[in-house]
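When a ligand or atom number is given, it counts from 1 through the structure's own listing order.
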Amino acid sequence: MPSQATTQLFPKLFTPLKLGAITLPNRVIMAPLTRARTEQDHVPNALMAEHYAQRASAGLIIAEATMAMEGCSSFYAEPGIYSQAQINGWKTVTDAVHAKGGQIFLQIWHGGRTCHPALNNGKQPVSASAIAIEGEEVHTPEGKLAYTVPHALELDEIPQIIEGFKQAAINAKLAGFDGVEIHGANGYLLDQFLRDGSNQRSDEYGGSIANRARLLIEVIEATLDVWESGRIGVRISPLNSFNSMQDSDPVALTAWLAEKLNEYNLAYLHVMRSDFFGVQNQDILSPVLHAYKGNIICNMGYDAQEAEDAIAKDGLAAVAFGVPFLANPDLPERFQAGAELNVADPDTFYTPGAKGYTDYPFMNS
Ligand SMILES: Cc1cc2nc3c(=O)[nH]c(=O)nc-3n(C[C@H](O)[C@H](O)[C@H](O)COP(=O)(O)O)c2cc1C
């Protein structure tokens with residue numbers, strides 16, 4: 001008797017992918033998710049190792065936004081990668097993921113003007129220009145506070161930022177990561193330079209798109225001194241208005257970046273296709289698909305079917321899932337089985353402890 005062929009629900013999602021220097025067993029990627037679970041000094045702990053190891057069946061885990069340098073905390077209990085204790089803590093995470101056969105990149109990050117003085121020993125935050133976030137508040141141990149006006153980085157202060165990212169890339173290697181993702185999204189420092197709502201500089205880091213992208217490009221080039229290009233990804237979110245971000249021409253910015261990043265032969269370009277708040281609505285994916293020659297990972301609001309279709313028809317390399325991965329440690333297996341998904345509990349997104357972090361049930365538990 002011929003063996004019965006098993007029907008694959010999502011054959012493209014489960015086709016292996018060469019992503020720069022690594023090969024992924026599937027294209028269901030875990031998006032970076034800040035969960036604020038460190039207990040002291042921004043040091044990753046055993047609970048975080050358990051959380052990430054639970055999700056090791058992802059094609060690739062992109063670990064949460066991690067402070068590249070001291071004094072840039074935006075979430076109080078987010079991890080860092082600037083101290084030996086943090087490197088050691090992350091090593092337990094990467095070891096746990098690797099032991100389960102997974103692969104994991106670290107998202108290296110600076111919050112810029114989101115770094116409130118109450119979280120950083122009174123230190124004033126820095127940004128491209130002295131423009132504060134408006135209409136949103138930051139959670140601190142002193143309660144919710146308004147964001148403060150940042151100090152516009154002087155030209156002679158910028159090299160320290162680039163050096164900080166480079167050291168974070170070195171430390172990520174020491175911590176056993178498979179690569180790094182440079183966080184150029186969501187209204188944090190590199191994005192604050194990219195977009196003209198937050199960057200009103202008149203020097204070589206402001207004005208034209210090439211000037212506004214200069215800091216991101218310099219960070220990429222510094223990271224290339226540390227990691228081979230096939231182990232570096234970049235994330236952008238040209239439409240996201242989170243952190244009171246805006247740009248006069250997100251399509252032009254996206255097209256310019258997609259074209260420019262071809263020069264670096266990176267592992268991937270990771271694009272958030274829409275706006276958390278639905279305020280800025282334009283098609284930024286088409287310019288990326290048109291201009292970018294390497295692997296494109298897209299994210300925001302995908303389910304398995306749409307992801308499958310986008311890989312099959314649009315030519316995306318893979319899709320990253322945020323909230324679905326947060327609530328479903330075995331998301332790829334669930335997609336393969338056509339199983340129901342757990343529903344995420346937003347009340348525990350940033351709270352301490354295991355609740356809403358390591359206790360989402362597996363399919364067969
Ligand atoms: C709790 C939470 C934390 C997040 N943390 C990060 C982060 O650290 N870095 C980042 O680039 N995006 C972060 N995001 C955005 C997600 O990576 C993702 O873009 C978003 O959830 C949309 O994808 P989805 O529709 O698949 O959930 C976060 C989102 C959530 C809900």
Checking Lys260 now: which residues fulfil salt bridge (Lys or Arg N to Asp or Glu O under 4.0 Å) with it, not counting sequence neighbours? Glu263

Please determine, by modelled atom types, if Glu221 and Tyr264 share a side-chain donor-acceptor pair under 3.5 angstrom. yes

Residue pair Tyr350, Glu78: steps toward the side-chain hydrogen bond (donor to acceptor under 3.5 Å, both in side chains) verdict: CA-CA 9 Å; Tyr350 306 109; Glu78 76 272 58; over 6 Å; no

Should Ala31 be counted as touching ligand 1, given the test is an N or O pair under 3.5 Å? no

Would you call Asp191-Arg195 a salt bridge at under 4.0 Å N-O? yes

Looking at side-chain heavy atoms only, is the closest gap between Tyr188 and Phe242 below 4.5 Å? yes

With backbone taken as N, CA, C and O and side chain as the heavy atoms from C-beta onward, which portion of Pro324 lies under 4.0 Å from ligand 1: side chain, backbone, both, or neither? side chain

Nearest-contact summary for atom 27 (O) of ligand 1 - protein heavy atom, Å: Val323 N, 2.8 Å

Just checking, any donor-acceptor pair under 3.5 angstrom between side chains of Asn199 and Arg212? no

At what distance is the nearest protein heavy atom to atom 19 (O) of ligand 1, and which residue and atom is it? Asn299 OD1, 2.5 Å

Phe75, Tyr302, Phe276, Trp109: member with heavy atom nearest to atom 15 (C) of ligand 1: Phe276

Judging by distance only, is a nitrogen or oxygen of Ala65 under 3.5 angstrom from one on ligand 1? yes

Would you say ligand 1 has an N or O under 3.5 Å from any N or O of Tyr350? no

Is Met272 linked to Leu216 within one hydrophobic cluster, defined over Ile, Leu, Val, Met, Phe, Trp and Tyr using a side-chain heavy-atom separation of less than 4.5 Å? yes

Any N/O of Phe349 closer than 3.5 Å to an N/O of ligand 1? no

At what distance is the nearest protein heavy atom to atom 24 (P) of ligand 1, and which residue and atom is it? Gly322 N, 3.6 Å

Protein contact of atom 6 (C) of ligand 1 - nearest heavy atom, named by residue and atom, plus distance: Pro32 O, 3.1 Å

Anything under 3.5 Å between a donor and an acceptor, one on a side chain of residues 143-154, the other on a protein residue two or more places apart or in another chain? List them.
{"residue": "His151", "atom": "NE2", "partner": "Glu157", "partner atom": "OE1", "Å": "2.8"}
{"residue": "His151", "atom": "NE2", "partner": "Glu157", "partner atom": "OE2", "Å": "3.3"}

According to a hydrophobic-cluster definition based on side-chain heavy atoms being under 4.5 Å apart (Ile, Leu, Val, Met, Phe, Trp, Tyr only), do Met30 and Leu60 belong together? no

If you scan protein heavy atoms around atom 9 (N) of ligand 1, the nearest is Gln107 OE1, 2.8 Å

Polar contacts were defined as any N/O atom of the residue lying under 3.5 Å from an N/O atom of the ligand; does this apply to Leu326 and ligand 1? no

Starting from atom 4 (C) of ligand 1, what is the nearest protein heavy atom, named by residue and atom, and what distance separates them? Thr34 N, 3.4 Å

